[in-house]
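Report on the following structure.
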Amino acid sequence: DDALGRYIVFCKNTFPSDTSLAGLKIVLDCANGATYKAAPIIFSELGAEIITIHNKPDGKNINANCGSQFTDDLIAKVKETNSHLGLAFDGDGDRLIAIDEKGQELTGDHILVICSKFAKEQKQDMGNAIVITPMSNFGMRVALREMGIKYIEAEVGDRNVLETMQKSGCFLGGEQSGHLIFLHHHTTGDGIISALQLLAVMQKSGKTLSELAQAMNVMPQKLVNVKVSRKPPIKDIPELCEAIHQAETQLADNGRVLIRYSGTEPLCRIMVEGPTEEITGQLTQSLSDTVTSLLS
């Protein structure tokens, strides 16, 4: 019967005891889901002024055009109320996407960069590296390299991230989607705990969220799905391997190419990240045409 109270105490204990959220106005989007009751209590008890949206679950409206995957309402509310930031959770409460005071969206990549940069500056123990996935933006890799922070790449999926963290002795890892794991505090992704770690950095650094977000420049990313009739190993298709090689040569150290099959659908997923929207779009289209001609 006291599960809610126990959980609230557990979350609050991950926030620095010498810090509060006093002076912050925060908009919460609870996605009409798991965080609808606990999140407003936790952030208000730590001293923040809270405005909550999408916190009235009716059994059907969970994640319905709200939460971490649909942030338009949160962006509008942050701007309307002149709030310091917005926090978007998803229906089951394990993801976090943040909105800065200017209405810009910060993905899980941003949050990992911000938290790892602060941890390094404060000489906090992050373990051997931080763990990311193939979907992490190339700009994140650039930022981590420039800061001298090592990273290990795990397969997509928070379960794979956790397994890699445990095997390699890392305490921080996550995905672009907002699944973040702070292993010092929890063994799974928890949007509220992720938000508290981000807010701790804000309060201790005295910086706004938009200032902290400057630690990473997002590179243009293009993702397309091409229907295929078969799925031979990509390494066994010389024409496609040559097209990928040419694209990677053109990008050099300013981007990357990721091509893989969907595990459940007859699709080939093509992702390109590059220095400009134009180059990224051109290379994506070229690779898409190649895949279509060879595998449709």
Side-chain angles (χ1 to χ4, degrees), residues 8 11-12 14-15 19-57 61-115 117-118 137 140 174-180 182 189-216 218:
I8 287 169
C11 289
K12 287 170 63 177
T14 71
F15 192 74
T19 309
S20 83
L21 299 179
L24 287 183
K25 185 193 292 187
I26 304 172
V27 183
L28 304 178
D29 182 342
C30 295
N32 294 313
T35 61
Y36 86 100
K37 189 175 289 187
I41 295 172
I42 290 167
F43 294 103
S44 60
E45 285 189 357
L46 287 170
E49 178 185 346
I50 296 299
I51 300 162
T52 311
I53 62 174
H54 301 302
N55 63 326
K56 295 180 171 60
N61 60 357
I62 186 169
N63 286 327
N65 296 311
C66 58
S68 60
Q69 292 178 283
F70 304 95
T71 56
D72 287 352
D73 287 356
L74 181 58
I75 291 170
K77 184 61 74 170
V78 167
K79 291 180 176 179
E80 174 195 327
T81 57
N82 291 317
S83 294
H84 293 94
L85 74 156
L87 301 170
F89 309 111
D90 62 338
D92 62 355
D94 60 356
R95 292 192 201 184
L96 169 70
I97 295 295
I99 306 299
D100 72 18
E101 76 282 3
K102 298 178 180 179
Q104 299 300 308
E105 183 176 304
L106 277 65
T107 67
D109 290 349
H110 287 99
I111 297 167
L112 283 174
V113 168
I114 289 168
C115 290
K117 180 176 186 287
F118 184 77
N137 189 272
M140 180 185 192
E175 300 186 275
Q176 187 182 60
S177 62
H179 283 125
L180 309 174
F182 293 82
D190 184 306
I192 291 175
I193 289 176
S194 297
L196 290 171
Q197 309 321 303
L198 177 63
L199 288 164
V201 175
M202 282 184 65
Q203 293 298 79
K204 285 186 171 292
S205 68
K207 294 181 179 179
T208 65
L209 195 50
S210 64
E211 289 173 330
L212 292 172
Q214 292 173 12
M216 170 184 159
V218 177

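Quantities reported herein were computed from a predicted structural model and do not represent experimental measurements. For the numbers below, each heavy atom of this structure counts, side chains included, while hydrogens, waters and symmetry mates do not.
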Stepwise, does the side chain to side chain contact (heavy atoms under 4.5 Å, CB included) test hold for H110 with V218? CA-CA 9 Å; H110 287 99; V218 177; 3.3 Å; yes
Gap separating the [atom1] atom of [X] from the [atom2] atom of [Y], nearest 0.5 angstrom:
| X | Y | atom1 | atom2 | value |
| --- | --- | --- | --- | --- |
| L85 | L106 | CG | CG | 9.5 Å |
| E105 | D72 | CD | CG | 9.0 Å |
| I51 | K77 | CD1 | NZ | 7.0 Å |
| C30 | I53 | SG | CD1 | 8.5 Å |
| L198 | F182 | CG | CZ | 7.5 Å |
| K37 | I8 | NZ | CD1 | 9.5 Å |

Test item: [X] and [Y] side chains (from C-beta on) under 4.5 Å apart, heavy atoms:
| X | Y | answer |
| --- | --- | --- |
| I42 | L196 | yes |
| L96 | I111 | yes |
| Q203 | L24 | yes |
| I99 | V27 | no |
| L87 | I26 | yes |

Donor-acceptor pair, distance only, cut-off 3.5 Å: does the side chain of [X] make one with the backbone of [Y]?
| X | Y | result |
| --- | --- | --- |
| Q69 | D90 | no |
| N32 | K56 | yes |
| T71 | S68 | no |
| H84 | K25 | yes |
| N55 | Y36 | no |
| D29 | L74 | no |

K204 NZ: over 12 foreign heavy atoms closer than 6.0 Å: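 Yes, NZ of K204 has more than 12 neighbouring heavy atoms, counting only those of other groups under 6.0 Å.
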Could you tell me which non-hydrogen atom of [X] sits nearest to which non-hydrogen atom of [Y], and how far apart they are?
| X | Y | result |
| --- | --- | --- |
| N137 | M216 | CB-CE, 3.9 Å |
| G103 | I75 | O-CG2, 3.6 Å |
| F89 | I192 | CE2-N, 3.7 Å |
| L180 | E175 | CD2-O, 3.9 Å |
| G108 | I97 | N-CD1, 4.1 Å |
| A31 | G67 | CB-CA, 3.7 Å |

For E49, the side-chain hydrogen bond (donor to acceptor under 3.5 Å, both in side chains) test, sequence neighbours excluded, returns none
For I50 and L28, run side chain to side chain contact (heavy atoms under 4.5 Å, CB included): C-alpha distance rounded to whole Å, both residues' side-chain angles, the deciding distance at 0.1 Å, then the answer. CA-CA 7 Å; I50 296 299; L28 304 178; 3.7 Å; yes
If we count only N and O atoms by modelled type, under 3.5 Å, do the side chains of Q197 and T14 hold a donor and an acceptor together?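 The criterion, which ignores hydrogens and geometry beyond distance, is satisfied for T14 and Q197.
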